[in-house]
Amino acid sequence: MGRDFAITTKNETETINLGVKIASSLKNGDVIALYGDLGSGKTRLAKGICQGLDVKQMVNSPTFIIVNEYNSSKFHNIFHFDLYRLKSEDEILAMGFEDYMNNRGIILIEWPEHAERLLPLDTVKIHISHSAENENERWIKVEGIAI
Ligand SMILES: Nc1ncnc2c1ncn2[C@@H]1O[C@H](COP(=O)(O)OP(=O)(O)OP(=O)(O)O)[C@@H](O)[C@H]1O
Ligand SMILES: [Mg+2]
């Protein structure tokens with residue numbers, strides 16, 4: 001598949017497995033923005049990516065603590081953001097977002113639209129949407145990475 005592609009998953013396991021595949025194309029320094037409504041599957045995809053990056057820790061939405069840090073035997077640290085509660089760019093800057101973006105690790109961001117103007121130009125953008133027909137189906141559009 002090319003650097004932009006779309007895929008339908010039929011259940012959360014397929015979304016996690018897509019994350020594992022995406023992880024095999026990632027390198028240190030990559031930023032991955034995960035767009036999608038509440039409950040669309042951003043954290044499930046992040047969980048799959050982390051599994052593929054050989055993270056052993058539990059992966060949850062860091063909604064209240066804003067950022068989780070995970071360790072990997074193969075990569076620099078992984079930072080997992082949930083910007084849901086941070087509505088203004090000032091708040092996001094105040095938590096040191098730009099320093100994280102320059103970090104050597106891999107960055108995963110839920111609700112990246114809250115920091116749209118602060119995202120690096122080469123951010124991998126993944127959009128997840130619910131299907132109208134089936135409650136467990138998701139349409140996942142990936143821009144900026146080949147798997
Ligand atoms: N195809 C699918 N892919 C991913 N999740 C699915 C799928 N079908 C059903 N689900 C369910 O949808 C929910 C997705 O939850 P998840 O926490 O990943 O969403 P989220 O986008 O991170 O939400 P939030 O914005 O609240 O953080 C889970 O309950 C999961 O079981
Ligand atoms: Mg989440």
Side-chain angles (χ1 to χ4, degrees), residues 1-26 29-72 75-101 103 105-120 122-147:
M1 280 191 264
R3 282 176 67 81
D4 295 350
F5 62 92
I7 201 166
T8 300
T9 64
K10 299 213 172 304
N11 51 57
E12 71 165 70
T13 306
E14 288 189 10
T15 297
I16 291 171
N17 290 341
L18 173 64
V20 172
K21 275 194 208 152
I22 290 171
S24 64
S25 299
L26 292 176
D30 283 345
V31 177
I32 301 98
L34 300 164
Y35 298 86
D37 292 342
L38 283 168
S40 58
K42 300 179 294 297
T43 301
R44 291 303 187 281
L45 191 59
K47 193 182 168 74
I49 292 174
C50 287
Q51 198 179 306
L53 295 175
D54 204 36
V55 168
K56 307 290 186 216
Q57 289 126 306
M58 182 104 89
V59 175
N60 292 317
S61 277
T63 311
F64 295 97
I65 51 171
I66 314 297
V67 59
N68 272 340
E69 182 175 357
Y70 313 122
N71 304 105
S72 156
F75 293 86
H76 280 289
N77 295 1
I78 292 127
F79 294 101
H80 176 196
F81 287 86
D82 184 335
L83 302 179
Y84 184 69
R85 288 163 54 84
L86 299 187
K87 310 279 178 190
S88 81
E89 207 170 276
D90 283 348
E91 276 180 283
I92 293 169
L93 286 170
M95 57 97 57
F97 190 77
E98 288 177 308
D99 293 332
Y100 283 103
M101 293 307 112
N103 195 280
I106 290 175
I107 317 267
L108 305 170
I109 311 171
E110 300 190 36
W111 296 98
E113 46 273 75
H114 293 181
E116 194 64 47
R117 300 192 311 159
L118 305 173
L119 298 176
D122 58 356
T123 297
V124 175
K125 298 192 170 183
I126 304 182
H127 290 264
I128 309 178
S129 24
H130 285 84
S131 142
E133 292 107 62
N134 181 331
E135 72 164 305
N136 292 326
E137 201 169 278
R138 301 290 189 273
W139 164 250
I140 304 179
K141 193 155 70 72
V142 180
E143 295 170 355
I145 197 164
I147 63 169

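Whatever order the structure lists ligands and atoms in, that order sets their numbers, starting from 1. Only heavy atoms go into these numbers, but all of them, side chains included; no hydrogens, no water, no symmetry mates. Bear in mind the structure is a predicted one, so any value in this text is a computation, not a measurement.
In this structure, the protein non-hydrogen atom closest to atom 19 (O) of ligand 1 is Gly41 N, 3.2 Å. The protein heavy atom nearest to atom 30 (C) of ligand 1 is Glu12 OE1, 3.4 Å. Protein heavy atom at the shortest distance from atom 27 (O) of ligand 1 is Ser61 OG, 2.9 Å. Of all protein heavy atoms, the one lying nearest to atom 9 (C) of ligand 1 is Asn136 OD1, 3.3 Å. Counting protein heavy atoms only, atom 26 (O) of ligand 1 is closest to Leu38 CD2, 3.4 Å. Looking from atom 10 (N) of ligand 1 to the surrounding protein, the closest heavy atom is Arg138 NH2, 3.4 Å.
Put simply, the side chain of Leu45 does not reach to within 4.5 Å of the side chain of Ile16, judged on heavy atoms. Proximity of Ile22 to Val20: side-chain heavy atoms (C-beta onward) are nowhere separated by under 4.5 Å.
Under 4.0 angstrom from ligand 1, the non-hydrogen atoms of Thr15 all belong to its side chain. For Ser40, heavy-atom contacts with ligand 1 shorter than 4.0 Å involve the backbone as well as the side chain. When heavy-atom distances to ligand 1 are checked against a 4.0 Å cut-off, Asn11 comes that close only through its backbone atoms N, CA, C and O. Counting heavy atoms closer than 4.0 Å to ligand 1, residue Glu110 contributes side-chain atoms (C-beta onward) but none from N, CA, C or O.
For a threshold of 3.5 Å applied to N or O pairs, the pair formed by Glu137 and ligand 1 contains no separation below that value. For ligand 1, the polar-atom distance check against Lys42 finds a nitrogen or oxygen pair separated by under 3.5 Å. Considering backbone and side-chain atoms together, Thr43 places an N or O closer than 3.5 Å to an N or O of ligand 1.
Inclusion of Asp82 in the first shell of the Mg ion (ligand 2) is not supported: no N, O or S atom falls under 2.8 Å. For a distance bound of 2.8 Å, the N, O or S atoms of Asn60 include none lying that close to the Mg ion (ligand 2). The Mg ion (ligand 2) has no N, O or S atom of Thr63 under 2.8 Å away, backbone or side chain.
In this structure a side-chain-to-backbone donor-acceptor pair under 3.5 Å is missing from Asp37 to His130.
For residues 129-146, the salt bridge (charged side-chain N to carboxylate O under 4.0 Å, His left out) pairs, not counting sequence neighbours, are Lys10-Glu137, Lys141-Glu143.
For Glu110, the N, O or S atom with the smallest separation from the Mg ion (ligand 2) is OE1.
In this structure, of Arg44, Glu14, Lys10, the residue bringing a heavy atom nearest to atom 18 (O) of ligand 1 is Arg44.
Residue contact annotation: Gly39 has a non-hydrogen atom under 4.0 Å from ligand 1. Ligand 1 lies within reach of Trp111, whose nearest heavy atom is under 4.0 Å from it. The closest approach between a heavy atom of Asp37 and any atom of ligand 1 is below 4.0 Å.
For OH of Tyr35, the number of neighbouring non-hydrogen atoms (other residues, nucleotides, ligands) closer than 6.0 Å is greater than 12. Crowding of Lys87 atom NZ: a count of heavy atoms from other residues, nucleotides or ligands under 6.0 Å exceeding 12.
Side-chain contact check for Asp82 and Thr63: at least one donor-acceptor pair (N or O, by modelled atom type) lies under 3.5 Å.
Ring pair Phe81/Tyr100: centre-to-centre distance below 6.0 Å.
Closest heavy-atom contact between His114 and Leu86: ND1-O, 3.1 Å.
In this structure, the separation between CD on Glu110 and OG on Ser40 is 8.0 Å, given to the nearest 0.5 Å. Between the CG atom in Leu83 and the CE atom in Met95 there is a gap of 7.0 Å [rounded to 0.5 Å]. Considering CG of Asp4 and CD1 of Ile145, their distance stands at 11.0 Å, rounded to 0.5 Å.
A salt bridge is defined here as a Lys NZ or Arg NE, NH1 or NH2 lying under 4.0 Å from an Asp or Glu carboxylate O, and Lys125 with Glu116 meets this definition.
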